[in-house]
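Input: a single structure, listed below in C-alpha cells.
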Amino acid sequence: MLLRAMALYLLLLLSLLNLNIISSLGELQRLEHPIRADGSLSALVIGDWGRTGSFNQTDVAFQMGRIGEKLDINFIISTGDNFYENGLKGVDDKGFDDSFSSIYTAKSLQKQWYSVLGNHDYRGDVIAQLSPALRRIDSKWLCMRSFILDAEIAEFFFVDTTPFVMHYWRNPGHSTYDWRDVAPRDTYIANVMKDLESALKESTARWRIVVGHHTIRSVSIHGDTSELNQLLLPILQANNVDLYINGHDHCLQHISDMDSPIQFLTSGGGSKAWRGVFNSNRDGLHFFYDGQGFMSLQLTQSSVEVVFYNTNGDALHKWSMSKEPLSAI
C-alpha cells in the first residue's frame with residue numbers, strides 16, 4: 001500500500017509541474033513533451049558535468065546558453081554522472097545547487113532537463129537524486145532510472161545502464177554503490193531489457209533514440225561496454241533505433257555501427273576531459289574530440305541534424321540524415 005501511495009503521489013506531483021506522464025505500474029514510465037507548432041524539435045545534450053563549475057564546466061554552460069537561445073531548444077538531455085565524485089549525499093546536499101542550479105543559469109537553459117544516472121551518481125544517495133524533493137528546489141530538474149520521453153516526432157528511451165556493468169558489483173574498489181531498488185542485478189536488468197524491447201516494438205515514432213550513460217561504441221579510455229554490446233545492442237539493432245546517445249567517456253564522439261544504421265553519439269564533455277587516450281575500433285569513426293563540449297540535436301519529420309560544440313561555442317562536427325517523407329493517406 002505504501003509503495004502504491006508513493007507512486008500515485010509522484011504521478012500527481014509531475015502532473016502539477018506540467019509534465020504529462022502516462023504509464024501503468026510495472027512498465028517504463030512515459031512522459032510527454034510538446035514540440036514546436038511547425039513540427040520541429042531542438043535539444044541540447046550534456047554529460048559528465050557536475051563539478052561545482054570547475055574543469056571548464058562554467059564555460060560549457062555559458063556556450064550551452066548561447067546555442068540554446070539560438071536554437072530555441074525544447075529541452076536538455078543529461079547523459080549521467082551528474083554529480084562528482086560520489087553523487088549526492090541527500091536532498092539537502094549543497095552540491096545540487098553548486099553543480100547544477102548555480103551553473104546552468106542562462107534563460108535558454110531554464111527548460112526541462114531529462115537526466116539518467118551515471119556510475120558516479122550510484123556512489124551517492126541515488127534515492128535522493130531521483131526524489132521529487134529536488135524538483136521543488138529547482139523545477140527544471142528531472143532524473144529517473146529508465147523511462148520514455150514522447151516528443152511526438154521522436155521517442156527517447158532513457159536506460160539505466162550502470163547496473164548492467166558487472167565490474168561495479170564484483171570489483172567496486174574503494175567505492176560503495178547504492179543498489180537499493182536494483183539488487184538483485186539479474187532480475188533488474190532482465191526487466192529493463194524486457195520493458196525496453198516491448199516499448200521499442202510498440203513505438204510508431206518517426207525517430208527512435210536511446211539514451212544511456214555508458215558507451216556502446218567508443219575509441220576513448222573506457223572503450224566499448226561489453227555488457228551493453230551483449231545485452232542491449234541486439235535489442236537496438238532489431239528495433240530500428242536511429243541514435244544511441246551516451247556519456248561516460250569524457251569527450252565528444254560520433255561512430256556509425258557497421259551492422260545497422262545506428263549512430264553512436266558520445267556527449268560526455270561537460271567538465272573534466274582531455275584523457276589523452278585513443279583506441280581505434282572496427283566501426284565507422286566520423287569524429288572524436290578529447291576535450292570539453294556538448295551536442296545539439298535538431299529533428300523534423302524527415303531529418304535529423306547533430307552538431308558538436310567546444311568551450312568556445314565552435315561547431316566542431318556536423319552530421320545529418322534524412323528519411324523519406326511520410327506519404328499522405
Self-check item: Side-chain donor/acceptor of D98 to backbone N/O of T52, under 3.5 Å
Solution: no
Quiz item: Counting N and O atoms only, with roles assigned by atom type, does the side chain of N171 sit under 3.5 Å from a partner on the main chain of H167, one being a donor and the other an acceptor?
Solution: no
Quiz prompt | Donor-acceptor pair, side chain of N312 and main chain of D314, under 3.5 angstrom | solution = no
Exercise. Let me see the working for Q292 and D59 under side chain to side chain donor-acceptor pair (under 3.5 Å), right down to the final yes or no.
Key: CA-CA 9 Å; Q292 293 100 341; D59 294 334; over 6 Å; no
Self-check item: Any L252 side-chain heavy atom under 4.5 Å of M295 side chain
Solution: no
Quiz item: Between I73 and S108, what is the shortest heavy-atom contact and its length?
Solution: CD1-O, 3.5 Å
Quiz item: Closest approach of V159 and L196, non-hydrogen atoms and distance?
Solution: CG2-CD2, 4.0 Å
Quiz item: Pick one: which of F278, Y309, W274 meets ring-ring contact (aromatic ring centres under 6.0 Å, His included) with Y289?
Solution: W274
Practice problem: Fit a plane to each ring of F100 and W141, take the angle between them on a 0 to 90° scale, and name the class: parallel (under 30°), tilted (30 to 60°) or perpendicular (over 60°). | Solution: perpendicular
Self-check item: Residue pair I46 / W113, side-chain heavy-atom distance below 4.5 Å
Solution: yes
Practice problem: For this output row, return yes or no: ring centroids of H213 and Y122 closer than 6.0 angstrom. | Solution: no
Quiz prompt | SB check D125 R180 (cutoff 4.0 Å) | solution = yes
Quiz prompt | Spacing of T311 atom OG1 and F294 atom CZ [to the nearest 0.5 Å] | solution = 9.5 Å
Quiz item: Going by atom types only, do S322 and S302 share a side-chain donor-acceptor pair under 3.5 Å?
Solution: no
Practice problem: Looking only at non-hydrogen atoms, find the nearest pair between V307 and A315 and report the distance. | Solution: CG1-CB, 3.7 Å
Quiz item: Just by modelled atom types, is the I262 backbone N or O under 3.5 Å from a matching donor or acceptor in the S260 side chain?
Solution: yes
Quiz item: Angle class for the H286/H317 ring planes (parallel below 30°, perpendicular above 60°, tilted otherwise)?
Solution: parallel
Practice problem: Indicate the atoms forming the closest heavy-atom contact of L41 with R36, along with that distance. | Solution: N-NH1, 3.7 Å
Quiz item: Are any side-chain N or O atoms of R208 and backbone N or O atoms of S203, one a donor and one an acceptor, separated by less than 3.5 Å?
Solution: yes
Exercise. Calculate, to the nearest 0.5 Å, the distance between atoms CD and NZ belonging to E305 and K318 respectively.
Key: 6.0 Å
Exercise. Search all heavy atoms of Y168 against all heavy atoms of T162 and return the closest pair with its distance.
Key: CD1-O, 3.5 Å
Quiz item: Are the side chain of E155 and the backbone N or O of I148 linked by a donor-acceptor pair below 3.5 Å?
Solution: no
Quiz item: Is a donor on one side and an acceptor on the other found under 3.5 Å between the side chain of W49 and the backbone of Q57?
Solution: no
Quiz item: For F288 and C251, which heavy atoms make the closest approach, and how far apart are they?
Solution: CE1-SG, 3.8 Å
Quiz prompt | Main-chain N/O of S218 paired with D224 side-chain donor or acceptor, under 3.5 Å | solution = yes
Quiz item: Between F156 and H33, is the ring centre distance below 6.0 Å?
Solution: no
Practice problem: Answer yes or no: is there a donor N or O on one side and an acceptor on the other, between the side chain of R185 and the main chain of P163, under 3.5 Å? | Solution: yes
Quiz item: Is there a donor-acceptor pair closer than 3.5 Å between any side-chain N or O of D121 and the backbone N or O of F83?
Solution: yes
